[in-house]
Number of protein chains: 2
Amino acid sequence: MPAEPAARPTIYDVAQRAGVSKSLVSLVLRDAPHVSEARRRAVHEAIEELGYRPSRAASALASQRTRSVGVLIDDFRNPWFVELLAGLRSVLDPAGYTSSVADLTLEAVSGRNPVDGFLAMHVDGLVVAGEPQPGLLRGLAVPTVVAGVRDVGPGLAADVVAGDDERGGELATRHLLDLGHARIAHLTGSGGPAARRRRGYERTMRAAGLEPLVTGAGGTAEDDGYAAALAALDAAPGLTAFVAGNDVMAVGALAALREHGLSVPHDVSVVGYDDSPLAAYRYLALTSVAGHSHEVGAESATTLLARLGDPEAPRRRQLLEPSLVVRGSTAPP
Amino acid sequence: MPAEPAARPTIYDVAQRAGVSKSLVSLVLRDAPHVSEARRRAVHEAIEELGYRPSRAASALASQRTRSVGVLIDDFRNPWFVELLAGLRSVLDPAGYTSSVADLTLEAVSGRNPVDGFLAMHVDGLVVAGEPQPGLLRGLAVPTVVAGVRDVGPGLAADVVAGDDERGGELATRHLLDLGHARIAHLTGSGGPAARRRRGYERTMRAAGLEPLVTGAGGTAEDDGYAAALAALDAAPGLTAFVAGNDVMAVGALAALREHGLSVPHDVSVVGYDDSPLAAYRYLALTSVAGHSHEVGAESATTLLARLGDPEAPRRRQLLEPSLVVRGSTAPP
DNA sequence: TTGAAAGCGCTAACAG
DNA sequence: CTGTTAGCGCTTTCAA
């Protein structure tokens with residue numbers, strides 16, 4: 001029974017070439033402990049020579065685990081996710097895990113449930129970056145970590161890694177206060193992180209003996225920032241500063257200010273949130289609160305791996321301290 | 001032999017519940033033609049009742065195809081890809097294909113070869129969105145379509161779907177010409193599409209009896225646009241308009257102009273390229289050439305599916321006509 | 001330590 | 001049209 005020489009090599013070919021059994025090859029691949037050094041090397045050599053690549057499908061089928069994790073991104077349009085993803089992969093990749101990414105907004109358009117998609121792929125775990133629609137994750141059986149949002153409703157047994165949004169709101173506000181501003185408005189969006197950022201703002205304002213002014217309620221996109229800024233300008237014409245719910249909203253606010261003939265930071269200061277690539281563009285140069293998404297990503301991955309290893313461990317919840325990146329959009333009043 | 005009631009249902013359970021054979025279930029799943037309506041319905045009901053989900057791993061292993069395609073994105077930071085991806089999925093999803101996305105820039109940092117990753121996953125096909133590094137795809141055995149770049153080196157037997165970049169450069173330039181501009185510079189980047197856009201610009205300028213001025217040579221990021229604009233301003237102080245290689249570069253140019261005390265569009269007009277979400281921000285309001293990435297994506301997917309169906313078909317190369325989206329960054333000089 | 005053997009859940013001929 | 005029969009390539013007891 002001569003073998004076909006052209007086909008993709010299998011574990012069987014490797015075994016034969018190395019003069020060992022199939023199972024030994026499997027052990028070597030999984031880095032098993034009790035294998036003699038000589039045979040281990042022989043196997044590795046055979047793998048090299050044959051250009052062997054294990055079949056994920058076969059291994060998934062046999063082991064009932066895919067070594068893959070699904071990553072749910074809120075919206076690809078908000079570049080916030082880029083660093084998060086990089087952090088995630090910086091620990092998932094070396095651990096031999098594959099990650100597949102889906103965009104909630106995109107999926108919503110096509111009417112599919114992205115979680116279903118991941119479940120069909122049999123991902124071993126899930127990372128939800130951003131705020132899941134209520135119900136989307138209810139009763140999920142697969143290990144999940146929520147990254148970037150600290151309030152996950154009850155009924156979702158997930159680990160959490162997030163920035164301290166309330167602290168971030170405080171940082172932004174205090175920066176403005178320290179600069180000498182007093183008439184500071186906040187542009188908020190919907191969702192948990194937005195609510196916390198707002199709370200940080202409000203708390204800091206009150207502590208300074210100032211009355212908070214919050215506008216916005218819809219989404220967290222550029223439009224929403226624009227509309228909220230307009231509303232704030234309308235409600236309090238003497239404003240000298242904005243704390244925006246995120247960078248994209250801040251860009252919307254910039255447009256509203258320009259329409260009112262107000263210049264930034266000369267007349268009005270603006271602080272964004274997320275320290276996304278947007279904030280770093282020279283033309284925008286937004287002072288922004290950095291949530292350290294890279295670290296959030298890395299920590300999320302570590303947490304997920306830990307849970308995969310021990311499903312019974314107590315839930316973890318980690319908060320990362322944000323910091324302020326000062327650029328050109330803020331100045332004394 | 002009583003079955004375990006708790007385990008995930010298999011095709012076998014479905015068959016039993018529907019009173020048919022395993023193979024019939026398989027046929028129904030694949031939408032095979034010669035199945036009686038009654039049995040088809042019976043199977044679907046059983047699937048519904050059991051909450052059955054086919055195992056991709058098993059199916060991949062048995063059929064030697066994963067029904068998945070790998071999508072290589074140039075850089076997640078350039079939001080150009082969002083629509084492309086949406087278009088891609090609008091045809092891949094209904095066809096039952098899964099798509100996994102990787103970012104070349106991200107992978108480059110981690111030192112991994114993303115193509116290798118996809119090959120290990122045994123994707124059935126590849127979509128390369130943007131310009132592949134030379135050599136990255138050389139001698140690739142898996143069906144590939146390159147989206148967005150029309151020049152793929154020899155040695156890569158790929159289908160191509162791209163916007164007509166030369167025509168786009170022409171559109172942008174002609175728009176400026178029609179507005180009455182004459183001193184128009186072009187900010188170019190590296191790579192094939194950039195070269196074609198530049199050629200379109202140059203051709204149009206010359207046809208109008210004007211001397212082209214091109215600056216920039218590094219990358220295509222915001223920095224590069226900034227630097228190129230500065231160089232152009234330096235070389236020709238009387239400039240009244242820029243055609244930028246893409247939207248991100250245009251934003252860089254905006255910063256350079258502001259530094260020179262020049263206002264847009266009052267003193268200088270700016271045209272971007274890609275019509276990315278960036279261009280639509282009110283604060284930027286960039287006139288931009290739309291490459292119709294959604295369509296490019298959809299067409300790429302269709303092309304890939306066709307090739308998967310017939311590997312021997314002649315190579316296809318499609319060029320989509322770009323169009324101009326006029327916003328607030330251009331005006332008469 | 002190493003080898004043999006029994007599947008994982010599904011597809012794909014091939015017979016009925 | 002429907003049922004039977006082999007595997008796909010790998011993991012994983014269980015013996016040797």
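Bear in mind the structure is a predicted one, so any value in this text is a computation, not a measurement. Order of the sequence lines fixes the chain letters, A, B, ..., with proteins taken first and strands second; residue numbering starts at 1 for each chain. No hydrogens, no waters, no symmetry mates; every other heavy atom, side chains included, goes into these values.
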How long is the line joining CD1 of A/Ile11 and P of D/dG7, in whole Å? 19 Å
Between C1' on D/dA6 and OH on B/Tyr12, what's the gap in Å once rounded to a whole number? 16 Å
Please report the interatomic distance CG(A/Asp93) to OG(A/Ser99), rounded to the nearest 0.5 Å. 5.5 Å
What integer distance in Å separates A/Arg56:CZ from D/dC8:C1'? 17 Å
Chain A vs DNA chain C, heavy-atom contacts under 4.0 Å, first-to-last nucleotide span, 5' to 3', is C/dT1 to C/dG9
Kindly say whether B/Gly192 contributes a backbone atom to a donor-acceptor pair with the side chain of B/Glu131 at under 3.5 angstrom? yes
Base, sugar-phosphate, or nothing for B/Ser63, non-hydrogen atoms under 4.0 angstrom? sugar-phosphate
Tell me which residues in residues 41-50 of chain A lie within less than 4.0 Å of DNA chain D, going by non-hydrogen atoms. none
To the nearest Å, give me how far apart CG (A/Leu27) and C1' (D/dC10) are. 12 Å
B/Arg65 atom CZ is separated from D/dG9 atom P, nearest whole Å, by 16 Å
Any chance the side chains of A/Thr98 and A/Arg56 put a donor and an acceptor closer than 3.5 Å? yes
5'-most contact on DNA chain D (nearest-nucleotide basis), B/Ala58 vs B/Gly19, goes to B/Gly19
Using modelled atom types only, decide if a donor and an acceptor are shared between the side chain of A/Arg307 and the backbone of A/Thr144 within a distance under 3.5 Å. no
Can you tell me if B/Asp159 uses its side chain to pair, donor with acceptor, with the backbone of B/Arg316 under 3.5 Å? yes
Any donor and acceptor pair, going by atom type alone, linking the side chain of A/Thr66 with main-chain N or O of A/His122 inside 3.5 Å? yes
Has B/Asp124 got a side-chain atom pairing as donor or acceptor with B/Val69's backbone, closer than 3.5 angstrom? no
Over 60° means perpendicular and under 30° means parallel, so tell me whether B/Phe81 and B/Phe76 are parallel, tilted or perpendicular. tilted
